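In this text, all values refer to a predicted model and were calculated from it rather than measured experimentally. Order of the sequence lines sets the chain letters (A, B, ...), proteins ahead of strands, with each chain counted from 1.
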There are 2 protein chains.
Amino acid sequence: MKTTKKYGKKQDLALSMWVKLARAYATFSKKSLENIRSFHLTEPQFSVLESLGHLGSMTIGTLCTKQLVSGGNMTLVVDNLEKEGLVQRIYNKVDRRTITIQLTPKGLSLFEDIFSQHAKHIEKLASVLSEKEQAELAKLLKKLGTGLSGTK
Amino acid sequence: MKTTKKYGKKQDLALSMWVKLARAYATFSKKSLENIRSFHLTEPQFSVLESLGHLGSMTIGTLCTKQLVSGGNMTLVVDNLEKEGLVQRIYNKVDRRTITIQLTPKGLSLFEDIFSQHAKHIEKLASVLSEKEQAELAKLLKKLGTGLSGTK
DNA sequence: CTTAAATAGTTGAAGGTTAAAATAATTAAA
DNA sequence: TTTAATTATTTTAACCTTCAACTATTTAAG
């Protein structure tokens with residue numbers, strides 16, 4: 001294993017947990033990405049389509065909040081989706097600072113085509129764990145994630 | 001919640017688990033990164049120093065395996081660490097295709113300065129969960145990670 | 001030995017990522 | 001109202017990331 005026991009019991013436990021979280025995420029993410037690439041999309045592009053498809057049109061800023069990324073980043077991802085003709089920018093009349101992103105017909109059609117396939121793929125990957133284990137893992141991850149969000 | 005229940009019970013469970021894994025990782029990673037940035041290092045630079053400090057000098061290829069990244073990537077990260085005078089390339093005589101990366105005195109000194117601080121920081125973040133929960137989470141994450149590694 | 005295949009690392013192109021600075025528009029304060 | 005502060009998005013610079021093509025070296029086959 002990576003972390004040699006050198007920092008005391010509590011710290012070793014925390015470091016070990018963090019290493020395993022990072023590795024599990026990296027491995028799962030890589031497998032998921034293989035599937036996404038087969039649709040000729042990048043991971044962040046896919047996530048944006050997913051948000052728009054499931055929740056409807058929203059502003060750049062809202063997309064940033066959902067995906068936990070910076071504004072500069074989202075500008076580029078939306079640019080690239082727009083080049084592909086999958087989304088379009090709608091300039092709002094009410095508040096002219098905001099821009100709403102919506103799926104084009106092509107984008108909506110793609111969304112509908114690929115998401116059930118993708119869900120099947122995720123299910124298959126997760127089946128490394130039993131349903132009970134998945135539920136327990138989800139519970140702990142949620143506690144960790146939400147607990148951290150409030151941290152300084 | 002993000003995933004609206006539309007894909008059947010098993011798929012919803014898997015999707016929900018995957019969303020929580022991604023969020024917990026993103027949040028923990030962001031908090032950890034704040035600490036790393038205070039040492040004027042990027043995350044991959046920090047990881048390379050960690051490997052070299054804990055495990056000793058190794059080739060570019062071995063670093064790639066440890067960090068699960070591509071060769072082209074590691075070339076750049078090592079370039080940037082070399083510019084900072086933290087590591088150096090050692091051209092091997094035995095097999096002239098390989099290059100060993102080792103810490104400079106400056107790099108070793110930095111490693112020794114920052115790792116106990118970083119371990120404390122990770123411990124603090126992880127303390128959102130009890131020790132028992134951390135152990136349980138680590139166990140499930142390990143099973144997921146190693147189980148996936150063998151998947152097609 | 002000579003050629004072919006495999007291995008280690010670098011390079012270049014295309015995207016993603018952040019932080020900081022710059023624009024533009026809205027809201028609040030004096 | 002005029003000015004100041006805030007909000008939404010874009011731009012830029014620096015770094016990370018992968019994949020595919022390329023160089024150099026080593027190993028294996030004939």
Side-chain angles (χ1 to χ4, degrees), chain A residues 22 25-27 29-49 57-84 86-102, chain B residues 22 25-27 29-49 57-84 86-102:
Chain A
Y25 171 77
T27 308
S29 177
K30 202 156 276 188
K31 299 279 178 183
S32 167
L33 184 58
E34 286 170 17
N35 189 240
I36 289 171
R37 297 306 287 272
S38 73
F39 309 129
H40 303 291
L41 293 170
T42 67
E43 193 282 330
Q45 288 170 359
F46 182 87
S47 291
V48 168
L49 291 188
S57 302
M58 63 188 82
T59 65
I60 301 263
T62 305
L63 279 170
C64 289
T65 305
K66 299 272 175 214
Q67 321 276 327
L68 304 177
V69 300
S70 67
N73 189 350
M74 193 51 70
T75 292
L76 180 66
V77 174
V78 168
D79 282 350
N80 288 329
L81 283 169
E82 206 168 27
K83 278 179 202 159
E84 295 296 323
L86 297 171
V87 306
Q88 57 190 330
R89 281 174 164 85
I90 307 292
Y91 297 86
N92 297 312
K93 299 287 155 68
V94 189
D95 182 343
R96 282 185 302 173
R97 293 170 305 179
T98 68
I99 296 176
T100 296
I101 309 302
Q102 77 174 199
Chain B
Y25 171 77
T27 309
S29 177
K30 204 156 271 186
K31 299 281 179 183
S32 167
L33 185 58
E34 286 170 16
N35 189 239
I36 289 171
R37 299 305 287 271
S38 73
F39 308 129
H40 305 291
L41 292 171
T42 66
E43 194 282 327
Q45 288 169 0
F46 182 87
S47 291
V48 167
L49 291 188
S57 303
M58 61 187 82
T59 64
I60 301 259
T62 305
L63 279 170
C64 290
T65 305
K66 299 271 176 214
Q67 321 276 327
L68 305 178
V69 300
S70 67
N73 189 350
M74 193 50 70
T75 292
L76 180 66
V77 174
V78 168
D79 281 351
N80 288 329
L81 283 170
E82 204 167 29
K83 278 178 201 158
E84 295 295 323
L86 297 171
V87 305
Q88 57 190 327
R89 282 176 164 86
I90 308 291
Y91 297 85
N92 297 313
K93 300 288 157 67
V94 189
D95 182 342
R96 285 184 301 175
R97 291 170 306 180
T98 69
I99 296 177
T100 296
I101 309 302
Q102 77 174 198

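Nucleic acid contact for A:T98: sugar-phosphate only, since backbone atoms but no base atoms lie under 4.0 Å from a heavy atom of the residue.
At least one side-chain heavy atom of A:L41 sits under 4.5 Å from a side-chain heavy atom of A:L86. Looking at heavy atoms from C-beta onward, B:I101 lies out of side-chain contact with B:M74 at the 4.5 angstrom threshold. Side-chain contact between B:S47 and B:E43 is present, with heavy atoms from C-beta onward closer than 4.5 Å. Between B:D79 and B:R89, some side-chain heavy-atom pair lies under the 4.5 Å cut-off.
Regarding B:I99, its CD1 atom lies at a distance of 17 Å from the P atom of D:dT23, rounded to whole Å. Residue A:E82 contributes atom CD, which lies 13 Å from atom C1' of D:dT10 at whole-angstrom precision.
Scanning for side-chain hydrogen bond (donor to acceptor under 3.5 Å, both in side chains) contacts around A:T62 gives A:T59, with sequence neighbours left out. Residues forming a salt bridge (charged side-chain N to carboxylate O under 4.0 Å, His left out) with A:E84 (at least two apart in sequence, or on another chain): none. Residues that satisfy the salt bridge (charged side-chain N to carboxylate O under 4.0 Å, His left out) test with B:R97, not counting sequence neighbours, are B:D95.
In this structure a side-chain-to-backbone donor-acceptor pair under 3.5 Å is missing from A:Q45 to A:L81. B:K66 places no side-chain N or O within donor-acceptor distance of the main-chain N or O of B:V48, the cut-off being under 3.5 Å.
Listed in residue order, the members of residues 90-97 of chain B having a heavy atom less than 4.0 Å from DNA chain D are B:V94, B:D95, B:R96, B:R97.
For the residue pair A:Q88/A:E82, the side-chain donor-acceptor check at 3.5 Å is not satisfied.
Taking the 5' to 3' direction, DNA chain C first and last meets chain A under 4.0 angstrom from a heavy atom at C:dG15 to C:dT26.
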### Task
Would you give a per-nucleotide map of nucleotides 12-18 of chain D, 5' to 3', where B means the base has a protein non-hydrogen atom under 4.0 Å away, S means only the sugar-phosphate does, and - means neither?
---SBBB
